[in-house]
Novice: 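The structure is given below, and queries will be raised subsequently.
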2 protein chains.
Amino acid sequence: MLRNRATELGSSEKLPSKVVALLYRDIDSGTLLPGSRLPTEQQLADQFGVSRNVIREAIAQLRADGLIDARQGVGAFVRGKEQRAAIRIDREDLNDLSNMERLFELRRILETEAARLAAVRRTAHDLHLIGQHLRRMMGEERWQDGSIDADLAFHREIARATGNTYIHTFVSFICNRIRHSIHYARLTNPLHDLVTVNVAEHVRIHAAIEAGDAEAAAQAMSDHIAGAAARVGVKLVKQESGG
Amino acid sequence: MLRNRATELGSSEKLPSKVVALLYRDIDSGTLLPGSRLPTEQQLADQFGVSRNVIREAIAQLRADGLIDARQGVGAFVRGKEQRAAIRIDREDLNDLSNMERLFELRRILETEAARLAAVRRTAHDLHLIGQHLRRMMGEERWQDGSIDADLAFHREIARATGNTYIHTFVSFICNRIRHSIHYARLTNPLHDLVTVNVAEHVRIHAAIEAGDAEAAAQAMSDHIAGAAARVGVKLVKQESGG
DNA sequence: ACTCCTCATATCATCCTACAACCCATCAGG
DNA sequence: CCTGATGGGTTGTAGGATGATATGAGGAGT
């Protein structure tokens with residue numbers, strides 16, 4: 001059939017997504033300057049040849065990201081980049097290893113300090129939860145989905161123990177992205193033999209946090225993440241105490 | 001009446017935002033497990049007492065964040081946390097100082113390490129750009145909008161000089177959020193006298209990066225952010241070399 | 001001349017109904 | 001057993017109607 005009319009926007013995606021993409025491009029490229037007003041919803045609907053409903057859903061997405069500020073009775077305005085409320089890392093970005101290296105680098109920075117803070121601030125309850133995830137991981141012989149979940153829960157729990165919700169949010173985000181790309185790339189197969197190494201590193205981190213030794217916890221976490229990176233084929237440069 | 005239904009959910013916010021908040025909470029708390037299917041749009045509309053259109057806009061936002069995967073003819077499904085594509089910090093979260101303290105803490109962690117990496121990796125061009133923003137800041141006598149922009153550009157440029165796009169993205173995000181909340185809270189007034197202090201700290205950072213001294217750059221940045229936090233009424237605990 | 005209030009207007013916000021596109025389970029027919 | 005049609009259920013899209021809200025013009029009162 002002649003779906004060519006849709007070719008103008010694309011084919012498989014839904015209409016709101018296409019509208020979002022087009023508006024996003026206009027904003028990003030500077031065609032729509034910050035502070036300027038968007039056309040009326042009705043005008044946009046006419047312009048793109050879709051219903052006002054579609055425009056509204058598109059604007060809802062842009063508004064969720066903080067790119068647009070819609071005020072009832074006035075109009076929708078482009079907000080500056082400095083006002084964006086969301087940060088986005090596209091899945092495709094993580095496919096090649098050089099990006100994985102950068103992400104692991106960021107992860108080491110965040111989690112090393114998270115471990116340092118957690119060692120000082122953790123409550124007894126925090127320690128209990130961290131230990132719980134550790135024991136869950138130790139129970140497994142092979143490196144499988146359950147192990148990955150326990151591994152990540154361990155890291156998230158440490159981030160939570162800092163008492164800093166932002167650190168917890170950022171660490172969770174990064175960990176989950178890494179988990180997803182590992183799952184995606186099927187990198188788990190050659191790692192079965194190394195699960196004991198991973199557990200040993202976790203034990204070391206847990207012990208340092210339990211002891212309240214901030215420096216030891218930081219060093220253990222830094223080493224662990226460098227090791228984890230190496231295990232998926234990413235080499236990190238030396239950090240801390242390396243001069 | 002329609003008023004009563006709105007009262008049930010709150011008053012000032014728009015309906016889709018409230019629906020998003022409620023669904024988000026259910027997903028985050030585990031009431032809605034990953035993989036499970038949401039009620040149909042019509043059922044949700046009845047349940048919340050709003051129109052299906054509102055539900056659709058809410059789902060559009062959640063879908064943009066990767067929390068929900070809606071498939072035509074099938075239904076909407078909760079996606080696992082590992083598939084989330086965006087991280088969000090609501091504007092309201094930054095209003096009180098305790099949250100600002102947490103955000104500054106995270107900022108110090110990231111930017112301290114960014115400075116450390118930048119000192120080693122920066123190219124001559126990076127250094128030139130960093131210096132440019134510094135000189136732009138030195139040219140101003142008072143603390144005004146231009147100063148803030150130059151200040152942030154300075155920090156962003158350092159993050160960029162790490163060569164790690166993720167660090168740059170995260171640092172930019174945090175800086176911009178802080179700038180926004182500073183602008184919002186009108187915290188700039190009592191700071192006019194302190195601009196020279198701020199510039200002096202920037203000079204110290206720049207000098208360390210220019211010299212390629214990673215440790216000095218990290219220490220300078222850490223001190224600077226602690227100082228900047230103090231200037232907006234946030235006190236950070238000691239970090240690094242403080243014991 | 002100035003201020004305050006009212007009101008018309010433009011716009012977004014919400015609601016409603018209807019239809020199209022799509023997936024899936026079911027089942028008739030080979 | 002396999003294949004293809006069919007029907008019901010769900011999301012996707014369309015379009016109009018009404019409520020809510022901000023803005024500015026214009027008039028009444030001082």
Side-chain angles (χ1 to χ4, degrees), chain A residues 1-23 27 32 35-79, chain B residues 1-23 27 32 35-79:
Chain A
M1 300 290 284
L2 289 185
R3 300 257 176 84
N4 282 350
R5 193 172 58 88
T7 310
E8 192 180 333
L9 292 171
S11 59
S12 69
E13 267 180 301
K14 303 304 174 193
L15 294 180
S17 300
K18 300 177 196 169
V19 174
V20 165
L22 289 174
L23 289 177
I27 292 174
L32 288 174
S36 66
R37 217 195 73 177
L38 269 72
T40 303
E41 292 179 350
Q42 189 60 56
Q43 288 173 337
L44 286 173
D46 295 342
Q47 176 181 335
F48 290 122
V50 298
S51 80
R52 201 170 77 93
N53 220 319
V54 171
I55 299 294
R56 279 196 62 77
E57 285 187 27
I59 288 183
Q61 289 183 37
L62 292 172
R63 216 166 48 139
D65 278 5
L67 265 69
I68 281 182
D69 179 30
R71 293 186 325 203
Q72 185 169 341
V74 184
F77 297 86
V78 179
R79 298 169 71 171
Chain B
M1 300 294 279
L2 297 183
R3 294 277 170 79
N4 288 343
R5 287 191 282 180
T7 312
E8 195 178 323
L9 292 171
S11 57
S12 68
E13 264 182 302
K14 304 304 175 194
L15 293 180
S17 302
K18 300 176 196 169
V19 174
V20 165
L22 289 174
L23 289 177
I27 293 174
L32 287 174
S36 65
R37 219 196 71 176
L38 271 72
T40 68
E41 296 178 347
Q42 190 60 54
Q43 287 173 335
L44 286 173
D46 296 341
Q47 175 182 336
F48 290 122
V50 298
S51 81
R52 189 174 152 229
N53 217 318
V54 171
I55 299 295
R56 280 194 62 77
E57 282 189 30
I59 289 183
Q61 290 183 37
L62 292 172
R63 216 166 49 138
D65 280 4
L67 264 70
I68 280 181
D69 178 31
R71 293 184 320 203
Q72 184 171 344
V74 184
F77 297 85
V78 179
R79 296 172 72 171

Novice: Just how far, in rounded Å, is P of C/dA20 from CG of A/L15?
Specialist: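 So the CG-P distance, A/L15 to C/dA20, works out to 16 Å.
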Novice: Choosing from C/dC15, D/dT11, C/dA13, which nucleotide comes nearest the side chain of B/R52?
Specialist: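 So the nucleotide nearest the side chain must be D/dT11.
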Novice: Please give, in whole Å, the distance from C/dC15 P to B/E41 CD?
Specialist: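 B/E41 atom CD is separated from C/dC15 atom P by 14 Å.
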Novice: Can you identify which nucleotide, out of C/dC15, D/dG12, C/dA13, has its nearest atom closest to the B/R63 side chain?
Specialist: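 Nearest nucleotide to the side chain: D/dG12.
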Novice: Sub-3.5 Å donor-acceptor pair from the side chain of B/R63 to the main-chain atoms of B/A76, do we have one?
Specialist: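 Judged by distance alone, no pair lies under 3.5 Å.
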Novice: Take atom CG of A/L38 and atom C1' of C/dA10, then tell me their distance rounded to the nearest Å.
Specialist: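 Distance check: A/L38 CG to C/dA10 C1' gives 16 Å.
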Novice: Quick one: A/F77 CZ to C/dA10 P, roughly how many Å, whole number?
Specialist: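 Atom-to-atom, A/F77 to C/dA10, this comes out as 16 Å.
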Novice: Rounded to whole Å, how long is the line connecting atom CD1 of B/I59 with atom P of D/dT10?
Specialist: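 Computing the B/I59:CD1 to D/dT10:P distance gives 13 Å.
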Novice: What is the distance from CD of B/Q72 to C1' of C/dC19, rounded to the nearest Å?
Specialist: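 After rounding, the gap between these two atoms is 12 Å.
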Novice: With rounding to the nearest 0.5 Å, note down the distance linking CD1 in B/I59 to CG in B/L67.
Specialist: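 If I round to the nearest 0.5 Å, the distance is 12.0 Å.
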Novice: Closest nucleotide of DNA chain D for B/R37 versus for B/N53: which of these residues is on the 5' side?
Specialist: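 This one resolves to B/R37.
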Novice: Where the side chain of B/A70 is concerned, which of D/dG12, D/dA14, C/dA13 is the nearest nucleotide?
Specialist: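 Nearest to the side chain of B/A70 among the choices is D/dG12.
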Novice: On the nucleotide C/dC15, are OP1 or OP2 found under 4.0 Å from the side-chain N or O atoms that B/S51 carries?
Specialist: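 For C/dC15, OP1/OP2 do have a side-chain N/O of B/S51 under 4.0 Å.
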Novice: Is a side-chain N or O of B/S51 found less than 3.5 angstrom from the main chain of B/N53, in a donor-acceptor match?
Specialist: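 Yes; judged by distance alone, with no hydrogens or angles, the pair exists.
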Novice: If the cut-off is 4.0 Å, is A/R71 near the phosphate of D/dT23, judged by side-chain N/O to OP1 or OP2?
Specialist: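 Yes, because at least one side-chain N or O of A/R71 sits under 4.0 Å from OP1 or OP2 of D/dT23.
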Novice: So which nucleotide from D/dG12, C/dA13, D/dA14 ends up closest to the side chain of A/R56?
Specialist: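 Output: C/dA13.
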Novice: Roughly, in whole Å, what's the span from CD in A/Q42 to P in D/dA17?
Specialist: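 It is 12 Å, rounded to the nearest whole Å.
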Novice: Rounding to a whole Å, what distance do you find between A/D46:CG and D/dT13:P?
Specialist: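 From A/D46 CG to D/dT13 P: 17 Å.
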Novice: If we only count heavy atoms from C-beta on, is the A/Q47 to A/L44 side-chain gap below 4.5 Å?
Specialist: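 Answer yes - side chains close enough.
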Novice: What's the separation between atom CG in B/L38 and atom CD in B/Q43, rounded to the nearest 0.5 Å?
Specialist: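 Result: 10.0 Å between the selected atoms.
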Novice: Which one, D/dT13, C/dA13, C/dC23, comes nearest to the side chain of A/V54?
Specialist: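 Out of D/dT13, C/dA13, C/dC23, the nucleotide with an atom closest to A/V54's side chain is D/dT13.
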